[in-house]
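Shown next, in structure tokens, is the structure this report addresses.
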Amino acid sequence: MSTHIAFVLGTRPEIIKLAPVIRACNEGDVPYTVIHTGQHYSEKLDSVFFTDLHLPKPDYNLGVGSGTHGEQTGMMLAEIEQILFDEDPDIVLVQGDTNSALAGGIAAMKLDAQLGHVEAGLRSFDRDMPEELNRILVDHGADLLFPPTDDSAARLREEGIPAERVCVTGNTVVDAVLQNRDIAADQSTALLDLDVTAGEFALLTAHRPGNVDDPERFAQLLEGVNRYAELTNTTVLYPVHPRAEAKLEDFDMVVPEHIRCIEPLNFLDFLYLEDTASLVFTDSGGVQEETCILQTPCVTLRENTERPETLDVGSNVLTGPDPESIVINAFEMRTRDTDWDLPFGDGQAAARILQQCNVETPLTSEVRT
Ligand code: UD1
Ligand code: UDP
């Protein structure tokens with residue numbers, strides 16, 4: 001009988017990065033169950049991606065919603081465990097470093113099913129980030145680890161994880177970008193809708209608690225991006241994540257005038273904007289990777305990154321929140337040659353992951369690990 005896979009996901013980046021694996025399951029008639037924790041639930045952070053990426057409705061939606069880390073993870077854990085008892089999958093796949101990944105991981109670790117971790121081995125070495133704790137815990141409980149790069153695999157081995165559990169697959173975000181880049185260019189009307197011209201605008205995303213939960217720091221980084229916008233006469237579009245929106249309201253903060261706030265975008269529009277922007281400012285993990293793949297320069301508004309490959313190839317630079325550092329680095333990045341190497345794989349990560357799960361499909365027979 002074919003391997004039955006259960007996917008546990010709950011947030012925007014997990015939906016986007018697991019979509020290629022779910023799509024590969026569909027193409028290969030692999031039995032699977034999708035368990036959505038409901039960590040993200042606003043239409044613009046959730047259902048819009050199921051539509052864009054042609055994913056079937058989740059089999060379960062736990063509707064857990066927002067809360068403290070303990071509340072959120074605990075509620076998910078109890079419900080996921082019950083579903084795994086009922087569905088009895090062979091393998092549970094989780095992706096990345098969210099509370100949904102942690103809950104899915106803990107539930108699977110203690111059951112018969114094997115736990116597979118997609119995007120294993122990333123480290124920021126910053127334990128103040130909740131994601132850092134989540135990724136370490138999931139990596140150390142997993143039976144199958146799918147790091148995107150050789151460096152992330154080496155880190156797992158340094159931490160004592162047996163080599164036979166680890167397989168470098170590339171990052172599924174490459175699959176997602178390659179599958180959707182041309183579709184986005186064909187279908188997206190974002191440039192027209194937002195009245196901007198390709199190559200003449202910049203994009204900003206900022207949602208990490210370390211940046212937006214502290215009013216001084218949040219104001220500083222907006223000030224840096226605003227100064228750049230003013231000095232270069234560039235429109236900066238900022239699709240505001242709900243966490244950031246809530247903080248702007250709580251702190252009674254006004255976003256400076258050269259940054260244009262917009263609603264969070266669907267994947268195709270956002271991908272097209274990343275592809276056509278002159279520069280991207282971000283604190284997102286996925287955006288650092290996607291800009292690297294799309295050969296758009298990136299300025300990361302953090303002091304560290306769990307994606308050092310982007311720094312190594314020169315697609316990305318770290319600035320922290322200091323306005324002067326943001327401006328200097330943004331000027332440096334906007335003129336940088338963008339023909340850097342692509343470190344995150346060849347777009348066949350999903351097939352490699354299924355191959356490691358002992359799933360036979362036409363796709364898996366074609367890839368090499
Ligand atoms: C979570 C992940 C983070 C990931 C991000 C992707 C954890 C610890 N954090 O952060 O790693 O980068 O998702 O976007 O798992 N909210 C809404 N609607 C929603 C979801 C959230 O309005 O659909 C608001 C609520 O006010 C909520 C806040 O956003 O309190 C934060 O949501 P939460 O899921 O706790 O964390 P994120 O910041 O989204
Ligand atoms: N994204 C999107 N619309 C937006 C902002 C981001 O579709 O308005 C996508 C982006 O292409 C990337 C993912 O969301 O694939 C990144 O999610 P996020 O920044 O929320 O999480 P992180 O990657 O930091 O965990």
- Message: What I want to check is whether the side chains of Thr300 and Asn316 have a donor and an acceptor closer together than 3.5 Å.
- Response: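 Judged by distance alone, the side chains do pair up.
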Any chain of hydrophobic side-chain contacts (each under 4.5 Å) joining [X] to [Y]?
X	Y	answer
Leu354	Val118	yes
Leu191	Ile262	yes
Leu221	Val212	yes
Ile80	Ile15	no
Tyr272	Val177	no

Taking the side chain from [X] and the backbone from [Y], do they hold a donor-acceptor pair closer than 3.5 Å?
X	Y	result
Thr37	Gln39	yes
Glu306	Leu122	no
Asp52	Phe267	yes
Ser42	Leu45	no
Asn226	Leu222	no
Glu132	Met129	no
Ser325	Pro321	no

Do the side chains of [X] and [Y] get close enough for a salt bridge, i.e. N-O under 4.0 angstrom?
X	Y	answer
Arg217	Glu303	yes
Glu14	Lys17	no
Asp346	Arg352	yes
Asp139	Arg123	yes
Lys110	Glu81	no
Arg155	Glu159	no

Quick one: pull up [atom1] in [X] and [atom2] in [Y] and give me the separation to the nearest 0.5 Å.
X	Y	atom1	atom2	result
Leu194	Leu203	CG	CG	9.5 Å
Met333	Ser278	CE	OG	11.5 Å
Asn329	Phe281	CG	CZ	9.5 Å

Would you indicate whether the side-chain heavy atoms of [Y] and [X] approach each other to under 4.5 Å?
X	Y	result
Gln288	Thr305	yes
Asn304	Phe125	no
Arg307	Phe344	yes
Val94	Ser100	no
Val8	Val92	yes
Leu55	Phe49	no

Open item on the list: For a side chain to side chain contact (heavy atoms under 4.5 Å, CB included) check, start with the C-alpha distance between Leu271 and Leu294, then their side-chain angles and the critical distance, and finish with the verdict.
Closed with: CA-CA 9 Å; Leu271 192 64; Leu294 294 165; 3.9 Å; yes
Test log, rule side chain to side chain contact (heavy atoms under 4.5 Å, CB included), inputs Leu204 and Leu301
CA-CA 10 Å; Leu204 162 68; Leu301 309 166; 3.8 Å; yes
For this session: Please say which of Glu131, Glu71, Gln72 ends up in a side-chain hydrogen bond (donor to acceptor under 3.5 Å, both in side chains) with Asn99.
Result: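 It is Gln72; the other options fail the test.
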Classify the angle between the aromatic ring planes of His36 and Phe50 as parallel (below 30°), tilted (30 to 60°) or perpendicular (above 60°).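 Correct class here is parallel.
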Checklist entry - Should the pair Tyr228 and Phe331 be assigned to parallel (<30°), tilted (30 to 60°) or perpendicular (>60°) ring geometry? => result perpendicular
Q) How far apart are the closest heavy atoms of Pro215 and Asp213, and which atoms are they? A)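 It is CD-O, 3.7 Å.
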message = For a quick test of reading the model, state the closest non-hydrogen atom pair linking Ala350 to Thr172 and the distance between them.
response =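 Reported closest heavy-atom pair: N-CG2, 4.3 Å.
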Applying side chain to side chain contact (heavy atoms under 4.5 Å, CB included) to Leu9 and Gln95, what does each step give before you reach the verdict? CA-CA 7 Å; Leu9 48 76; Gln95 194 283 334; over 6 Å; no
